[in-house]
Amino acid sequence: MSYIFTQETPEALPAINAILESSITAWNLSDRLYRLSVSAYRYSESDWIDHQFYGLRDQNNTLLAILVLNNDASELPGDQSCLQIHGLYVHSDFRHQGLGQHLVDHAIALATTRQLDALFVKAHESAVPFFTKLKFQRIPVADEILDYPYRFVRSVI
């Protein structure tokens, strides 16, 4: 199946949040934590101020997966410039079909085009094997109170 990589606009917000809600089901949360997580992770129109939204759509223009990026390098050790993966979500009906890898490949291409050094992500614990498989390196925790435990970086140069 072929996919179309698109830059999304706020008009796609209901479809983006539907994918996010579907994707979070993989986190194996209780019903209560799922409801709290969906509320906390849901995007709004104001997120377009400092995030870029990209989607993978099928030939029918149905949004199947989303990639949300920003340029925040504040938690990346050293002096590297980076593109941060703020969110990567695949609709639960389309998991394990390589869509996440497609999104990461597009993020690498965007970072390379922008002449940045790396991709950075703060991942959910359940996504650790995914990012490890895609050659992201775990950033060691220096401060257990301040550092998010599942931070990863991947060089694009």
Side-chain angles (χ1 to χ4, degrees), residues 3-27 29 34 36-57 63-92 94-95 98-143 145-157:
Y3 304 102
I4 303 163
F5 186 69
T6 56
Q7 186 157 13
E8 299 298 330
T9 63
E11 289 74 31
L13 196 53
I16 287 168
N17 282 327
I19 288 172
L20 181 144
E21 291 173 24
S22 172
S23 179
I24 289 176
T25 60
W27 295 0
L29 302 172
Y34 173 78
L36 291 171
S37 294
V38 167
S39 296
Y41 282 84
R42 189 174 285 133
Y43 291 103
S44 67
E45 285 191 29
S46 64
D47 289 312
W48 264 262
I49 294 169
D50 56 359
H51 293 78
Q52 305 104 53
F53 290 77
Y54 297 93
L56 271 183
R57 293 177 174 270
L63 191 60
L64 308 177
I66 59 168
L67 173 68
V68 184
L69 303 171
N70 67 38
N71 297 318
D72 183 4
S74 62
E75 291 189 53
L76 188 63
D79 239 2
Q80 296 180 344
S81 60
C82 78
L83 192 57
Q84 180 180 9
I85 298 174
H86 182 270
L88 190 154
Y89 303 99
V90 177
H91 191 283
S92 61
F94 300 96
R95 282 193 196 120
L99 299 183
Q101 168 125 26
H102 281 301
L103 291 175
V104 170
D105 291 343
H106 283 289
I108 291 168
L110 289 168
T112 301
T113 300
R114 297 174 189 180
Q115 298 180 331
L116 301 172
D117 300 319
L119 286 179
F120 171 69
V121 63
K122 292 190 293 186
H124 185 271
E125 181 180 15
S126 66
V128 168
F130 171 77
F131 286 107
T132 302
K133 182 179 101 176
L134 295 179
K135 301 179 184 167
F136 281 75
Q137 302 298 313
R138 192 164 186 176
I139 299 170
V141 172
D143 184 324
I145 295 172
L146 296 177
D147 292 346
Y148 187 80
Y150 308 110
R151 298 175 305 154
F152 292 86
V153 65
R154 176 177 170 172
S155 175
V156 298
I157 53 175

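- Evaluation of the side chain to side chain contact (heavy atoms under 4.5 Å, CB included) rule for Ala118 yields Gln80, Cys82, Val153 as partners, not counting sequence neighbours.
- Taking CZ of Arg42 as the reference point, atom CD of Glu21 lies at 4.5 Å (rounded to 0.5 Å).
- With values rounded to the nearest 0.5 angstrom, Ser126 atom OG is found 10.0 Å from Tyr150 atom OH.
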- Item | Criterion side-chain contact (heavy atoms from CB on, under 4.5 Å) on Leu63 and His91, from CA distance to verdict | CA-CA 9 Å; Leu63 191 60; His91 191 283; over 6 Å; no
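- Evaluation of the side-chain hydrogen bond (donor to acceptor under 3.5 Å, both in side chains) rule for Ser92 yields Ser22 as partners, not counting sequence neighbours.
- For Asp79, the CG atom sits in a loose shell: 12 or fewer heavy atoms of surrounding residues, nucleotides or ligands are nearer than 6.0 Å.
- Each side-chain hydrogen bond (donor to acceptor under 3.5 Å, both in side chains) pair with one or both residues in residues 7-17, not counting sequence neighbours, appears once here: Thr6-Glu8, Glu8-Arg57, Thr9-Glu11.
- Scored by the side-chain hydrogen bond (donor to acceptor under 3.5 Å, both in side chains) test, Arg95 finds Thr25 as partners (sequence neighbours excluded).
- Phe152 places none of its side-chain heavy atoms less than 4.5 Å from the side chain of Ile85.
- Here Ser81 pairs with Asp117 under the side-chain hydrogen bond (donor to acceptor under 3.5 Å, both in side chains) rule; sequence neighbours left out.
- Within the structure, the salt bridge (charged side-chain N to carboxylate O under 4.0 Å, His left out) test picks out the following pairs touching residues 147-157 (sequence neighbours left out): Asp147-Arg151.
- Note on ring orientation: taking the six-membered ring where Trp is involved, the planes of Phe136 and Phe131 are perpendicular (angle over 60°, cut-offs 30° and 60°).
- Under the side chain to side chain contact (heavy atoms under 4.5 Å, CB included) criterion, Glu45 pairs with Pro10, Leu13, sequence neighbours left out.
- Applying the salt bridge (charged side-chain N to carboxylate O under 4.0 Å, His left out) definition to pairs two or more places apart or across chains, none involves residues 126-136.
- Taking CG of Leu69 as the reference point, atom CG of Leu110 lies at 6.5 Å (rounded to 0.5 Å).
- Residues satisfying the side-chain hydrogen bond (donor to acceptor under 3.5 Å, both in side chains) test with Ser44, not counting sequence neighbours, are Ser46.
- Between the CD1 atom of Ile19 and the OH atom of Tyr89 there is a distance of 11.5 Å, given to the nearest 0.5 Å.
- A donor-acceptor pair under 3.5 Å links the side-chain atoms of Thr132 to the main chain of Val128, judged by distance alone.
- Aromatic ring centres of His102 and Tyr3: separated by under 6.0 Å.
- For the side chain to side chain contact (heavy atoms under 4.5 Å, CB included) test with Leu67, the passing option among Leu56, Leu103, Val90, Leu99 is Leu103; the others fail.
- Evaluation of the salt bridge (charged side-chain N to carboxylate O under 4.0 Å, His left out) test over residues 65-74, restricted to residues two or more places apart or in two chains, returns none.
- In this structure, Ile16 CD1 and Tyr43 OH are separated by 9.0 Å, a value rounded to the nearest 0.5 Å.
- Under the side chain to side chain contact (heavy atoms under 4.5 Å, CB included) criterion, His51 pairs with Asp47, Phe53, Val68, Asn70, His86, sequence neighbours left out.
- With sequence neighbours excluded, the residues satisfying side chain to side chain contact (heavy atoms under 4.5 Å, CB included) with Thr112 are Ile108, Val156.
- Expressed to the nearest 0.5 Å, how far CG of Leu83 lies from CG of Asn71 amounts to 6.0 Å.
- Nearest heavy-atom pair, Leu20 versus Tyr41, reported as atom, atom and distance to 0.1 Å: CD1-O, 3.2 Å.
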